[in-house]
Amino acid sequence: MSSDSATIPSPAHDSAAAASAAAGKRGIAGLWARYKRWVVPAFGLLVLAMLLSHAHKIDWAGAWHALKQYKLSLLAGVLGLALASHALYGCFDLIGRHHTRHKLGLLRTWGIALASYAFNLNLGSLVGGVALRARLYAKAGLDEATVAQVVGVSLATNWLGYGLLAGTLFASGLIAPPEQAHMTATTFRAIGVGMVLLAAAYVAWCFASKGRTWQFRGRKVRLPSGPLALVQLVMSACNWALMGGAMYLLLGDQVSYGMTLGVLMAAAVVGVVTPIPAGLGVLEAVYLALLSGTVPQGKLMGAVLAYRALYYLLPLASGIVIYVLLERYASQHPAQEQEQAQEPAPAST
């Protein structure tokens, strides 16, 4: 008869196995940390090279002709929509301010969000969305945990409205799946329904949580209140609608508003997963792939280039000015802002 010690693992054996597993995980994490700085840029360069390899096929003369045909009044209207979108996006951080109850001023919080968004669009999320925003908030006196919550609320707000609008467009059948996706219309609609349900589930969860907190990596995380989640949903949906409206005007009614917005949203996702600053070439490639059979290539490229100039480049100029003013203000008022920003605050409702 065998003894118990032959069938039951000893504590020492369990500890050794756990230590071995932990060492294996650390080894994998270490390898990824070592090589990701090369893998991610290499992937971005590969995608950019693929896009540039098709550059000679683009009707650049037609694009230049289309750009010259735009009336100044139309371009001014598109710029107005672009600036309204940037201004609305800046309010996403005000939602985070209300949620965290930090004491930084409304105008300064809004300015930080505006500058960060402009840099984010043109230099990438790590530079604008994270690093620059963290720097400006830290100089204003906010601690890392508060900054993380504000950034998290802003990101959730942005993609919440995206899920609602994109999901509705997909589920309604107004937009057919692109041929490159190799999926049926039913599958495409099911994906849209799932996106809408996820957005609705987030709002419902916020209403049901009622101030509950969760531990995540040693930090307490609290969802926004239900009414605040509805504000997130409405503001984000309006922002995406403004972006789609700007492109719709540039395309000159040649494509329906729903299709224009849907393609813009597809380009946004591709731009996020492709590590190229400002999604350079990605926006153009997605529009050419999805609308080249509907809109003449020259007209299409002219619209995309005009959109990039009016929504990306011109707001970056104002973002740089705002950033310089924020840095100057922080250097002149360090102690005062530190005291105001770190005041204890009541829980969000």
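All values below come from the heavy atoms of this structure, side chains included, with hydrogens, waters and symmetry mates left out.
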Seminar exercise, completed: Separation between OH (Tyr323) and CG (Leu326), nearest 0.5 Å, reads 9.0 Å
Exercise. Which residues satisfy the side-chain contact (heavy atoms from CB on, under 4.5 Å) test with Leu155, sequence neighbours excluded?
Worked result: Val151
Donor-acceptor pairs under 3.5 Å, side chain of residues 64-77 to any protein atom, not counting sequence neighbours: which ones?
| residue | atom | partner | partner atom | Å |
| --- | --- | --- | --- | --- |
| Tyr70 | OH | Leu250 | O | 2.7 |

Problem set entry | Under 3.5 Å: donor-acceptor pair, side chain of Asn122, backbone of Ala118 | yes
Problem set entry | Side chains of Thr187 and Thr184, donor plus acceptor under 3.5 Å | yes
Seminar exercise, completed: Between Cys206 and Leu223, the two heavy atoms sitting closest are SG-CB, 4.2 Å
For this session: I would like to know whether Val150 and Thr100 meet side chain to side chain contact (heavy atoms under 4.5 Å, CB included); could you show each step before the answer?
Result: CA-CA 7 Å; Val150 172; Thr100 60; 4.0 Å; yes
Exercise. What residues, two or more places apart in sequence or in another chain, satisfy side-chain contact (heavy atoms from CB on, under 4.5 Å) together with Leu230?
Worked result: Val203, Phe207
For this session: Look at the side chain of Tyr162 and the backbone N and O of Met265, then say whether any donor-acceptor pair between them is shorter than 3.5 Å.
Result: yes
Seminar exercise, completed: For Val234, the hydrophobic cluster (side chain heavy atoms closer than 4.5 Å, chained through members) also holds none
Exercise. Between Ser236 and Thr157, is there a donor-acceptor pair closer than 3.5 Å when you use the side chain of the first and the backbone of the second?
Worked result: yes
Exercise. If you measure from CD on Gln254 to OH on Tyr248, what distance do you get to the nearest 0.5 Å?
Worked result: 10.5 Å
Distance-only check: which donor-acceptor pairs under 3.5 Å involve side-chain atoms of residues 165-172, not counting sequence neighbours?
| residue | atom | partner | partner atom | Å |
| --- | --- | --- | --- | --- |
| Thr168 | OG1 | Leu164 | O | 2.6 |
| Ser172 | OG | Thr168 | O | 3.1 |
| Ser172 | OG | Leu169 | O | 3.0 |
| Ser172 | OG | Leu174 | N | 3.3 |

Problem set entry | Tyr137/Thr109 under side chain to side chain contact (heavy atoms under 4.5 Å, CB included): CA gap, chis, key distance, verdict | CA-CA 8 Å; Tyr137 275 130; Thr109 301; 3.4 Å; yes
Exercise. With no hydrogens and no angle check, is any side-chain donor or acceptor of His333 less than 3.5 Å from a backbone partner on Tyr329?
Worked result: yes
Problem set entry | Listed partners of Ser256 passing side-chain contact (heavy atoms from CB on, under 4.5 Å), at least two apart | Met259
For this session: Measure the spacing between CZ of Arg97 and CG of Leu106 and express it to the nearest 0.5 Å.
Result: 4.0 Å
Exercise. So if you build clusters from Ile, Leu, Val, Met, Phe, Trp, Tyr with side-chain heavy-atom gaps below 4.5 Å, do Ile112 and Ile320 land together?
Worked result: yes
Exercise. For Ala330, what residues pass the side-chain contact (heavy atoms from CB on, under 4.5 Å) criterion, not counting sequence neighbours?
Worked result: Arg108, Lys139
Exercise. Can you name the nearest heavy-atom pair linking Leu310 to Leu314, along with the distance?
Worked result: CD2-CD1, 3.8 Å
Problem set entry | Verdict with supporting geometry, Leu251 and Leu300, side chain to side chain contact (heavy atoms under 4.5 Å, CB included) | CA-CA 7 Å; Leu251 287 173; Leu300 186 57; 3.9 Å; yes
Exercise. Rest of the hydrophobic cluster containing Val130 (Ile/Leu/Val/Met/Phe/Trp/Tyr, side-chain heavy atoms under 4.5 Å)?
Worked result: none
For this session: To the nearest 0.5 angstrom, please state how far the CG atom of Leu94 sits from the CE atom of Met235.
Result: 7.0 Å
Problem set entry | Residue pairs passing the salt bridge (charged side-chain N to carboxylate O under 4.0 Å, His left out) test where at least one lies in residues 75-93, sequence neighbours excluded | Asp93-Arg133
Exercise. Can you name the closest pair of heavy atoms from Ala134 and Val147 and give their distance?
Worked result: CA-CG1, 4.2 Å
For this session: Starting from the C-alpha separation in whole Å, work towards a yes-or-no answer on side chain to side chain contact (heavy atoms under 4.5 Å, CB included) for Gln297 and Leu288.
Result: CA-CA 7 Å; Gln297 190 185 89; Leu288 285 174; 3.7 Å; yes
Problem set entry | Contact summary for Pro224 and Ser209, nearest pair of heavy atoms | O-OG, 4.3 Å
Problem set entry | Pair Tyr202 + Trp205: ring centers closer than 6.0 Å | no
Exercise. What residues join Leu325 in its hydrophobic cluster, counting side-chain heavy atom gaps under 4.5 Å, either direct or through other members?
Worked result: Val321
Exercise. Do the side chain of His99 and the main chain of Gln149 share a donor and acceptor less than 3.5 angstrom apart?
Worked result: no
For this session: Count the heavy atoms of every other residue, nucleotide or ligand shown that sit under 6.0 Å from CH2 of Trp240, and state whether that count exceeds 12.
Result: yes
Seminar exercise, completed: With sequence neighbours left out, the residues meeting salt bridge (charged side-chain N to carboxylate O under 4.0 Å, His left out) with Arg135 are Glu327
Problem set entry | From CG (Leu123) to OG (Ser116), nearest 0.5 Å | 11.5 Å
For this session: Grab the two heavy atoms, one from Ala63 and one from Leu305, that are nearest each other, plus how far apart they are.
Result: CB-CD1, 4.5 Å
Seminar exercise, completed: Separation between CE (Met247) and OG1 (Thr260), nearest 0.5 Å, reads 8.0 Å
Listed pairs under 3.5 Å, donor-acceptor, residues 79-92 side chains, sequence neighbours left out:
| residue | atom | partner | partner atom | Å |
| --- | --- | --- | --- | --- |
| Ser85 | OG | Asn239 | OD1 | 2.5 |
| Ser85 | OG | Tyr311 | OH | 2.5 |
| His86 | NE2 | Tyr311 | O | 3.0 |

